[in-house]
Amino acid sequence: MNYWLMKSEPDAFSIDDLKRKKQEAWDGVRNYQARNFMRDGMRPGDRVFFYHSNCAVPGIVGIAEVATDAYPDPSQFDPKSHYFDPASTRDKPRWMLVEVKFVKKLKRTISLYELKSDPALEGMPLVRKGNRLSVMPVEAADWKYILAME
DNA sequence: GCCAACGTTGGC
DNA sequence: GCCAACGTTGGC
């Protein structure tokens, strides 16, 4: 089993939205590295830190689970969608998604500030300067360490 | 709202 | 294939 971190802007889709909907297709990823993690790395059962970005207190707010293998993101074919990609075809879809399901909400937000402040976590891609990846792997040791911070 | 850090695009 | 211009992400 592998561990991941996925970012979402709470204004667009928050951990509470996932809790209410139970499961959600993670559409709109338009970055090749992030796509590759979903397509090649993720398997059903993998665990995911749900991260709130672009908000007052960015940080990890909950846990989700990968619910499906990757499949083509339907929004890339929809001309009305914000995520429409005219260069993508159904024969050779460019963008993939996985569905994730709600596991739990953390009792508190483990903030980016805290994660950055802890020398034990300085190897995490999340805390590296300028990192903009919205989907990234988490080391098993870091996963356990962060859970213990809750 | 600003802007640094990236990723992508397209002219050449 | 280089790289300038542009667009986006996301912390602050």
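Labels below follow one simple rule: chain letters A, B, ... track the order of the sequence lines, proteins then strands, and each chain is numbered from 1.
- Every salt bridge (charged side-chain N to carboxylate O under 4.0 Å, His left out) that A:K104 has, sequence neighbours left out, goes to A:E150.
- The side chain to side chain donor-acceptor pair (under 3.5 Å) analysis of residues 131-149 of chain A, with sequence neighbours excluded, yields the pairs A:D118-A:Y145.
- Sorted by first and then second residue, the salt bridge (charged side-chain N to carboxylate O under 4.0 Å, His left out) pairs with a member in residues 31-40 of chain A form an empty list; sequence neighbours excluded.
- With sequence neighbours excluded, the residues forming a side-chain contact (heavy atoms from CB on, under 4.5 Å) with A:P125 are A:R128, A:M136, listed by chain and number.
- With a cutoff of under 4.0 Å to any heavy atom of chain A, the contacted region of DNA chain B is bounded 5' to 3' by B:dA5 to B:dT8.
- Grouped by direct or indirect side-chain proximity (heavy atoms under 4.5 Å, Ile/Leu/Val/Met/Phe/Trp/Tyr only), A:Y32 sits with A:W95.
- Partners of A:K21 under the salt bridge (charged side-chain N to carboxylate O under 4.0 Å, His left out) rule, at least two apart in sequence or in another chain, are A:E24.
- Judged as a side chain to side chain donor-acceptor pair (under 3.5 Å), the pairs with a partner in residues 54-80 of chain A (not counting sequence neighbours) are, in order, A:E9-A:N54, A:R30-A:D73, A:R30-A:S75, A:R47-A:E65, A:Y71-A:E99, A:D73-A:S75, A:Q76-A:S88.
- Listed by chain and residue number, nothing satisfies the salt bridge (charged side-chain N to carboxylate O under 4.0 Å, His left out) test with A:K92 (two or more places apart in sequence, or in another chain).
- Annotation: salt bridge (charged side-chain N to carboxylate O under 4.0 Å, His left out) contacts of A:D17 (sequence neighbours excluded): A:R20.
- Taking the six-membered ring for Trp, A:W26 and A:F37 have ring centres at least 6.0 Å apart.
- DNA chain C is contacted by A:R132, A:L133 of residues 119-134 of chain A, taking any non-hydrogen atom closer than 4.0 Å.
- Within residues 79-94 of chain A, no residue is approached by DNA chain B to less than 4.0 Å at the level of any non-hydrogen atom.
- Among the heavy atoms of the strands, none lies under 4.0 Å from A:Y113.
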